Amino acid sequence: RLPWLLLAIVLLGSALKDGDLVPETPLRNKRNPLNVYFVKVAWAWTFWLLLPFITVTTFQFAGSKFLYGPTKSVLMVLRRLSALLVGTAIWYVCTGLFIYIENLTGVCSPSGELHEPRRLYATKQECHQDNGIWNGFDISGHCFLLSYCALMIVEEVAVLEGLSIDQNSKLRVVINVLFVSLCFLTMIWVFMFLCTALYFHDFSQKFLGVLIGLSAWYGTYRFWYFKPFSPGLPLPSIPLSSKKYSYRR
C-alpha cells in the first residue's frame, strides 16, 4: 500500500499548500537538520544500510535453505548486491535528467541594478553565481528519491519472511539492528516526503517526481527482477508463480 500512500500524500499535501493551510514550522527551512544530514544524502544512507543487510541475509538465506554451496552462495550475494548498482544508476541518471530539464526550461531573473546590461545564463549555477533567481521546471528530486528509497527498503526486508535464524545467534542481533535501522530510515523518508509535499515545489513537479520514483521501483522489483538475467528478488527459493503473490501480500 506504500505507493498509494505516497500518491495520496502528494495530492493532499499539495492541496494544503495551495490553500495556504500549512503552518509555519522549522521544516519549511531547507537547512533543517533532517534535510541537510539525511535527505541531501538519502541514497548514501539507503545504500550503506542495505549493503550489509542484503549481504548477510542473502548468504544466510541461501545457506539455511541448502540452495547453494559456499561458492554459489557468494555469487548469489553478489547478484543481489547488484540491485544497489542498479539503484545507483537510476539515481544518477534521473537526477542528471532533472537538472538538464531545469536548465533547458529556465530563465534567470538577475538581482542587479536595472541599468546593468543583462546577460544570458545557460545554467542555474551560472545564475546563482550572480545572485540571480532561476525559474525553470524543477522536477522534485526529493519526491523521486525518497519514494524510490522507501520502496526499495520495503522490498529488500521482505527476505525476513523466509529467513530462519537461531534465537541466541549473534547474527540474529546484527540482522535485527539493521532491520530496525532500515525501518527507522524508511519512516524518515516518508516523513520528509510529506514535508516536501507540504512546503516545496508545484503540484506538477511533485507529481512527476513521485511518478518517476514509482516507475523506477515498478520497472525493477515488479518487472525486471523477475527475469533470469537480473539482480533477482530477495526470496530466491520461492517459485516464480507464487513469488508475485508473496510480494503483493
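Since the model is a prediction, treat every value here as computed from it, not as a measurement.
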At their closest point, which heavy atom of [X] faces which heavy atom of [Y], and how far apart are they?
X: Asn35; Y: Met192; answer: N-CE, 4.1 Å
X: Leu160; Y: Ile175; answer: CD2-CG2, 3.8 Å
X: Leu198; Y: Gly13; answer: CD2-CA, 3.7 Å
X: Gly136; Y: Gln205; answer: O-NE2, 4.0 Å
X: Asn32; Y: Leu27; answer: ND2-O, 3.5 Å
X: Cys127; Y: Trp134; answer: CB-CE3, 3.5 Å

Do [X] and [Y] sit in the same hydrophobic cluster, where Ile, Leu, Val, Met, Phe, Trp and Tyr count as joined when their side-chain heavy atoms come under 4.5 Å apart?
X: Leu2; Y: Trp4; result: yes
X: Phe191; Y: Leu49; result: yes
X: Trp48; Y: Leu34; result: yes
X: Leu85; Y: Met76; result: no
X: Val93; Y: Tyr221; result: no

Between the side chains of [X] and [Y], is a donor N or O closer than 3.5 angstrom to an acceptor N or O?
X: Trp43; Y: Thr88; answer: yes
X: Ser14; Y: Lys206; answer: yes
X: Thr25; Y: Tyr199; answer: yes

I'd like to know whether CZ of Phe179 has more than 12 heavy-atom contacts from other residues, nucleotides or ligands below 6.0 angstrom. no

Crowded around Tyr92 OH? As in, over 12 foreign heavy atoms under 6.0 Å? no

Quick one: pull up [atom1] in [X] and [atom2] in [Y] and give me the separation to the nearest 0.5 Å.
X: Leu146; Y: Leu194; atom1: CG; atom2: CG; answer: 11.0 Å
X: Ile188; Y: Cys183; atom1: CD1; atom2: SG; answer: 12.0 Å
X: Ile212; Y: Cys94; atom1: CD1; atom2: SG; answer: 6.0 Å
X: Asn103; Y: Tyr100; atom1: CG; atom2: OH; answer: 9.5 Å
X: Leu51; Y: Phe47; atom1: CG; atom2: CZ; answer: 5.5 Å
X: Leu6; Y: Trp217; atom1: CG; atom2: CH2; answer: 9.5 Å

Do [X] and [Y] come within less than 4.5 Å of each other through their side chains, counting heavy atoms only?
X: Leu50; Y: Leu84; answer: yes
X: Ile153; Y: Phe53; answer: no
X: Ile133; Y: Asn135; answer: yes
X: Val86; Y: Trp224; answer: yes
X: Gln60; Y: Leu171; answer: yes
X: Arg80; Y: Pro234; answer: yes
X: Val210; Y: Phe193; answer: yes

Consider ring-ring contact (aromatic ring centres under 6.0 Å, His included). Of Phe38, Phe184, Trp189, which one does Trp45 pass it with? Phe38

Within 45 degrees of the axis of the six-membered ring of Tyr225 and under 6.0 Å from its centre: does Lys227 put its NZ or CZ there? no

When the ring centroid of Tyr218 is compared with that of Phe223, is the distance short of 6.0 Å? no

